[in-house]
Structure formats: C-alpha cells, structure tokens
Asker: 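The structure that follows is given in the form of structure tokens.
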Amino acid sequence: MSRTALRICPLCEATCGLMLTVDGSTVTAARGDRDDVFSRGFICPKGAAFGAVDSDPDRLRTPLVRRDGVLREAGWEEAFDAVAAGVRPVVERYGPHAVGVVLGNPNVHTMAGALYPNVLLGALGTRSLFTASTLDQMPKHVSSGLLFGDANAIPVPDLDRTDHLLLIGANPLESNGSLCTAPDFPGRLKALRARGGTLTVVDPRRTRTAKLADRHVAIRPGTDALLLAAMVHVLYEEDLADLGALAPHVEGTDDVRDAVRDFTPESVAAACDVDADVTRALARELAAAPTAAVYGRIGSCTVPHGTLASWLVDVLNILTGNLDRPGGALFPQAATDRTPRPAGPGRGFALGRWHSRVSGHPEAKGELPLSALAEEIDTATDAGEPVRALLTVAANPVLSAPDGDRLDKALGSLDFMVSVDPYLNETSRHADVVLPPPPPAQSPHHDFAFNTLAVRNQVRYTRPAVPLEPGRTAETEILARLTLAVTGAHGTDPAAVDAMVIEQTLAKAVREPHSPVHGRDPGELTALLTGENGPERRLDLMLRLGPYGDGFGARPDGLTLERLLAHPHGIDLGPLRPRLPQPLKTRSGKVELLPEPIAADLPRLRQALAEAGRPAGLVLVGRRHLRSNNSWMHNIPVLTGGSNRCTLHLHPEDAARLGVRDAQPVRVKGPGGAVTAPAEITDTVRPGVVSLPHGWGHDRPGTRQTHAAGAPGVNVNQLLDGSMLDPLSGNAVLNGVPVTLTPLTDAKL
Ligand SMILES: Nc1nc2c(c(=O)[nH]1)N[C@H]1C(S)=C(S)[C@@H](COP(=O)(O)OP(=O)(O)OC[C@H]3O[C@@H](n4cnc5c(=O)[nH]c(N)nc54)[C@H](O)[C@@H]3O)O[C@H]1N2
Ligand SMILES: Nc1nc2c(c(=O)[nH]1)N[C@H]1C(S)=C(S)[C@@H](COP(=O)(O)OP(=O)(O)OC[C@H]3O[C@@H](n4cnc5c(=O)[nH]c(N)nc54)[C@H](O)[C@@H]3O)O[C@H]1N2
Ligand code: SF4
Ligand SMILES: [Mo]
C-alpha cells in the first residue's frame, strides 16, 4: 500500500515542495507539489531523484567508532561516550580553541543545522570555527555588514517584478539559484523576458543561463570588481545616479564618486577584456530601466576582490535607486526572523576582532578561513595551541577546500575527530567517531536560512515523511547530544538543550520594549508552546515572536506552529516589500556607502589593474551541473553519467595551440598541485579560460561511496595551495586561478 507525503526538498537552495510516494518506509517516487505556495509544482532532476538519494545503500545506518585504529559499527551510547572521552581532555588540557569546528553546506538545508551549531559554539567557546561560507559567500556577508551593519542583511533581486536583471558570475540554470531562493529560477528568467524585461549575464563561460540572455559579456575571470567600478564611474560621469526614495537613508555617495574616479571604462577594458562601449552600455541600461537588479554570485565572490565586487553590486543597486524598491533588490522578511526592532543606529559590523594563529587572517562573522584549516592543525606557533580535535558537521573539506592532500594529512594527525555525516567519505574517513543523521525522508524540514533569501515571503514546514527507523537518532538530537558531550554535560537529557534555548530566548524577549511579549511571564509563555518535540517547540517560539507571529496572543490572527501545520502546502506572506530603514544596523543608522575597510582595499584593486597588462596565461574557473551537488551526490547512479562528468573544458583555439585533442588526458598544474582530466573541447568557455567542476576526486582509500569511486574524477581544489584569499573576507579564491596544461598520451590517464 503506498501513500503520499509532503517534503520540502533539501537538495539545493530553491526549496521546492515535493510530493513523495512512500511504500512502507521507502520513498518510491517524487514529483513537484502543485499546491506548494512557492514552488507550484516545479521540480528538477535532483528533486525527482529524492528517493534514490534517500535510500542510497551506502548511507551509514549506525554510528562508527574507531577501536584499535579501525572504524567499527557501534551503538549511540558508546558513540557519545567516545566523543566525550575524546574531546573533553583536549578542552581541559589545551583550552577550547584547540577544538576546531567545521560546518559544511548541508547545515543550511537541515533544521538541525539551523538550531544547534550556535548553541554548541556558544557553550564550547572556541574561536576555531571554519565553515563553507569562506568557500562561498563570505564576501557578500562582509559587504552587507559594512554597508548595512548586518552581515545577514542580503538584498535579493525581485525576480518576478524586475524589468532588468544583471547577473554576474551565477548560473542558475544549473545551480537553481543561490542567495536568491526561487523555485523554477529558469522559468522566472523566461517570464522576465516574456514580459519585455532584459537579462544580461556576465560570465567567462557561455552557460545555459547566458544563452537565455539578451546580452552575454564574456569577462576575463577575476576582473568583475574592475568592470563594476567602471560602471559606477559611468553613473557619476554621465549624471545617471539617482537614489530616489533611498536618498535620506544613504551617506557617502560623494566619497564613492571620488573613490572610483580613476576606474574609467577605458582603463579597465584590457584587464576585463570588455570594450569600454559595452561597460558604458551596461551602466546606461541599468540606469534607464524602470526597475533593475544587480545580482552577483559565486563567480563574483570566490575571487581575489570578492568583497569589493559584492560591495559594488549593491553600490550599483543603490545609486540607481533600486535597493529596497519593488522590481529592484529587497530585503526579505522571513517568518522566523527576530521581532523587528525599531529603526535607528545599531552597533555596526566589526571585522578582525581576532586573527588566525598561523597566517594572521582576520576573523569575519566569527569565522576563520576554511583555507587555513590545514595550517591551523599542522603548524606549531608561539601564538597559541594548534587545533588538536575537530568536529565536522555536514562538511567534506578534503574535497571542497583548497589543497585537500595537505588537509587529508592534517586530519590524520589530529588527537581526535568527530564527523556528523551520512557517508564515510574523503573527510569523515579520518573521524574517530562518525555520527550518521537519518536520511532526509525521516527528518522534518523548515528553511530557516533560505526564507531570509527568498524572492517571495512565505513559510512552510514539513514533518518527517517517514518515521525514524529503529536504531536511528534524529539529527537534531545528534547535535544536541554532541553539544552536551563536548561541553562537559555528557549524559544530560538532550531535551535540556532546547529547554535552555527557549528559556533564554523568552527571558530576553520579555525584557525588550518592542517585543509583543514585553513584560509577560516567561513561564506562562513556555507553557503555551506547542509541538511534538524540542525542535518543533523552538520553531513555534520563533514563529510566534517573529514578524508575522501571534505574539502569544498579542496578534490573535498571527502565525503559530499549529496554524502552519494546518497549511501543509505552506502560507504565502506576499511579495517582497520595502523595509528601509528598519534593517539598517550601522552606527550611523544609514547605508554607509564607502565603509573604511572597503576604501582601504581599493588600492589593491588599482594595483591589480596596473599589473593586468602582463601577458596572461590560462586561468581556471569552476562549473556546476544540474544533476550534481558539491561533493556528495556523485554516489547516486541516476544523477551521474552523461554530461555530468569531471572533464576539462577548453576552447578550440587553446586546444589547437596546445595540441590537445578532444577526450585526451591533460595534466593541469596550479599553485597547489596537479591533476589529470580528459579534455572536452568546447567554445562555451572563452579563450584563455579552462573549467573543471569541483567536488570530485573520490579515489581515496577507506571511503564507502561505491558508485562514486567507480568514476572518481579529480579534485580541482588540489590545484590550489590555500594561500589565495580575498583578504577582507578570508574567502578562498576558487576562480581565475592561473594554470598550465600539458597534454598526455592516453595511456597515462
Ligand atoms: N573549486 C571549487 N570548490 C568549491 C566550490 C566551487 O565553486 N569551486 N564551491 C564551494 C561552495 S559554494 C560550497 S558551499 C562548498 C561545499 O562544501 P562542503 O561544505 O564540504 O559541502 P559538500 O561538499 O556539499 O559536502 C557536504 C557533506 O555533508 C554530508 N551531508 C549530506 N546531507 C547531510 C545531512 O543531512 N546532514 C549531515 N550532517 N551531513 C550531510 C555529505 O555526505 C558531505 O560529506 O564547496 C566549495 N568548494
Ligand atoms: N546543480 C547544482 N546546484 C547547486 C550546487 C551544485 O554543486 N550543483 N551547489 C550549490 C551551492 S553550494 C551554491 S553556493 C550555488 C552556487 O550557485 P551559482 O553561483 O549560480 O554557481 P555556478 O553554477 O557555479 O555559477 C557560477 C558561474 O560563475 C562563472 N565565473 C567563474 N569565474 C568568474 C568570474 O571571475 N567572473 C564572472 N562574472 N563569472 C565567473 C562560472 O563560469 C559559472 O558559470 O549553487 C548551489 N546549487
Ligand atoms: S530545484 Fe533544488 S529544491 Fe527544487 S527539486 Fe531541484 S534540487 Fe530540489
Ligand atoms: Mo555554496
């Protein structure tokens, strides 16, 4: 007997609603939920493969604990005993900073990842925090922190209403969008064109997204900050800047005019390989459009000037009056956001409150660069203890971060390591204890992170589609127990973690004058919470205190968990709305258009421009494939093969010059090492640029991903040595990396 169940898809940022067919406890089919208030039935091949992802036989079913050097299946009690016994002595002997924490990408795709890591980090007190953000969007956080005073205040392009979209270094037809949650991104781009809007794509590759565009600018990798600075220059030079309703909320516009004075379209043309006429046209079109949004993603962040480029994206939105207006780029308002405080000056955003021990990288948002993890483990200094114990949660940095070979060795040298991961892979194979979460069908879902980045305000929650199998532990409970085990409270009931968070949150809320529960009794409010377990009660708490919440009776029509459960396809909360000045938390209470750290970084951009005249060799960029997801989905047979392969794209002109034939093995050498991949000759990359996808290289011993190991590919990040960073954010440079190629005879592959 089969039945259906709803589940929000956790496999990318689009958060589509799925309708699963379930036979017993197995998901046998997945289709788009037509009644989903946000995704309206859209599904992509990954979502359609939800059942295969969920039931992958290589998923671990029980914890693994290392005994006599060998990982063996173990019970949960034994596993958490081992965690406490392994981590506590490191904390007690060397202090909390000797315990590193690595949080990987799927933490933004699980409820556990949203609700527990902050509790763990707060209780442990370590500064050795590394996350996927420094391989990804940290430049955007830093630019938002500096401009708006809040690193999480990220404006989102109003896809459904804009007249003009300028898309930089993003390929949503493969990625389905990022920092812009929009189910059916491709359909929304087509709708933009159909309603007479225009799409411009800036990308060194002619991607499927670029093929949809009115204009494709094949920029030289790593030079977007120059192009964008020149566009800002044009807005001033041609008197096109018009802040409109934003004007009273912005300071520093004259300073920006002076700061970009020397970045003329002519001066950057050779470096970007973009004609000055094109740069001028881009600026004029942006200014002339009734509404427009500039949106930059991976290709604009994972480069040497990532923070400057991210800043310039919003400078362009601001100077054309498009920030915070319908059709422009707006700040979403999620249902679990904190109660909006009254507008006014805030504390501002601080960078570099501490530094990494070995290279002295400044922290950003409390994090150190993931590129520096290996040296923080393997290098002794006088400046403090190296990382001796490591907790990785949903992270595979051996493949995702620069120089996996060095990190691989460093992980092998740790005193103790714990991985919360469903797979034994390139990273978790080093763990002393592996704690596997249940497959997604057995987990509840709410998008805490992505609703704050969504093109429409909406709220959805799906309970587990399938009950927990015997012997499984919910990931929420795994992280609660991990928190207790590493903070000296091993053995305490994990429910105590949720109870503590609820108590602290309410104690604070009743003291805040702007809170709907100001002055009420926390005990009485706690008793009003509903939900079957701690995570649900915490969701109820956040919904009720949030901007649409019932305020525990203060707004009787408002949101509660009960009301949300009565709407299994979600509740639409309307289009994005202008919100300024409320989201601003800068010290001035205004948008600070030329923050000091940005001004101090501009000379480095000038320097890059001055050096750009040198003859350039080949540079490497990445790419994504619709049926892939970073490093962990190559084990699903239906999602691999075909065009989803680890090949080196290179342009026919470069192939001819270097004597490379299609499918011939090519040795690619970069600053951190060399890899060999088959050539795929294609004019979708511009001349001078080669492309390899990331997340491959599944050929290390001791892993258990059988299908992936059959077509392992190579680890592109081995070409990097971890030293190339965007200095303001600590973000790794993953694109625009200089490489050399040597064609090999086929026998050498
Ligand atoms: N060269 C290059 N490198 C890149 C990128 C690039 O564009 N080019 N992109 C970068 C980006 S944007 C990112 S975000 C990073 C991603 O890098 P990581 O943060 O390392 O993420 P993944 O590679 O997705 O690996 C996720 C891990 O989580 C596990 N996992 C899957 N589902 C769950 C779950 O529900 N719970 C738990 N606990 N674990 C789970 C998987 O088995 C896997 O081990 O890679 C970065 N690396
Ligand atoms: N199918 C699939 N979907 C995914 C993922 C996945 O691995 N596979 N990963 C998810 C994650 S973690 C993230 S962060 C998002 C990322 O989502 P996107 O940002 O859309 O990522 P990409 O598809 O890698 O697109 C980045 C584009 O930038 C271009 N580029 C490279 N260097 C430069 C440059 O210097 N300048 C410019 N202008 N462009 C450049 C590349 O050619 C590429 O087309 O995708 C998410 N969705
Ligand atoms: S687009 Fe993303 S969220 Fe939607 S079905 Fe595909 S993988 Fe899932
Ligand atoms: Mo990412």
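Heavy atoms only: backbone and side chains are in, while hydrogens, waters and symmetry mates are out. Note that ligands are numbered from 1 as they come in the structure, with each ligand's atoms numbered from 1 the same way. Here the structure is a predicted model, which means the values were calculated and not measured.
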Asker: Using a 4.0 Å heavy-atom cut-off, say whether P106 meets ligand 1 through its side chain, its backbone, both or neither.
Answerer: side chain
Asker: Backbone, side chain, both or neither: what part of E475 comes under 4.0 angstrom of ligand 1, heavy atoms only?
Answerer: side chain
Asker: Hey, does G622 sit under 4.0 Å from ligand 1 if you only count heavy atoms?
Answerer: no
Asker: Kindly confirm or rule out an N or O of T110 lying under 3.5 angstrom from an N or O of ligand 1.
Answerer: no
Asker: From atom 9 (N) of ligand 2, work out which of R624, E13, R206 has a heavy atom at the shortest distance.
Answerer: R624
Asker: Heavy atom of R220 under 4.0 Å from ligand 2?
Answerer: no
Asker: Between V420 and ligand 1, is there a nitrogen or oxygen pair with a distance under 3.5 Å?
Answerer: yes
Asker: Identify the closest protein heavy atom to atom 26 (C) of ligand 2: which residue and atom is it, and at what distance?
Answerer: G169 O, 3.3 Å
Asker: Is there a heavy atom of G222 sitting under 4.0 angstrom from any atom of ligand 2?
Answerer: yes
Asker: Under a 4.0 angstrom heavy-atom cut-off, which atoms of ligand 2 come close to D224?
Answerer: 34 (C), 35 (O), 36 (N), 37 (C), 38 (N)
Asker: Could you find the nearest protein heavy atom to atom 34 (C) of ligand 2 and give me its residue, atom name and distance?
Answerer: G299 O, 3.2 Å
Asker: Using a 4.0 Å heavy-atom cut-off, which part of N629 comes near ligand 3: side chain, backbone, both, or neither?
Answerer: neither
Asker: At less than 4.0 angstrom from any non-hydrogen atom of L11, what atoms of ligand 3 do you find?
Answerer: 7 (S)
Asker: Is the distance from atom 2 (Fe) of ligand 3 to some N, O or S atom of C44 under 2.8 Å?
Answerer: no
Asker: Name the option, out of C301, S175, C44, that contains the heavy atom nearest to atom 18 (P) of ligand 2.
Answerer: S175
Asker: Relative to ligand 1, is N425 under 4.0 angstrom through side chain, backbone, both or neither, heavy atoms considered?
Answerer: side chain
Asker: Against heavy atoms of K46, which atoms of ligand 3 measure under 4.0 Å?
Answerer: 7 (S)
Asker: Relative to atom 41 (C) of ligand 2, which among V621, D203, L228 owns the nearest non-hydrogen atom?
Answerer: D203
Asker: Pairs of nitrogen or oxygen atoms closer than 3.5 Å, one from N396 and one from ligand 1: do any exist?
Answerer: yes
Asker: Just to be sure I read this right, does ligand 2 sit under 4.0 Å from the backbone of I219, its side chain, both, or neither, counting only heavy atoms?
Answerer: side chain
Asker: Taking heavy atoms and a distance under 4.0 Å, where does H625 meet ligand 2: side chain, backbone, both or neither?
Answerer: backbone
Asker: Could you check whether any heavy atom of D136 sits closer than 4.0 Å to an atom of ligand 2, since that is the contact criterion I want to use?
Answerer: yes
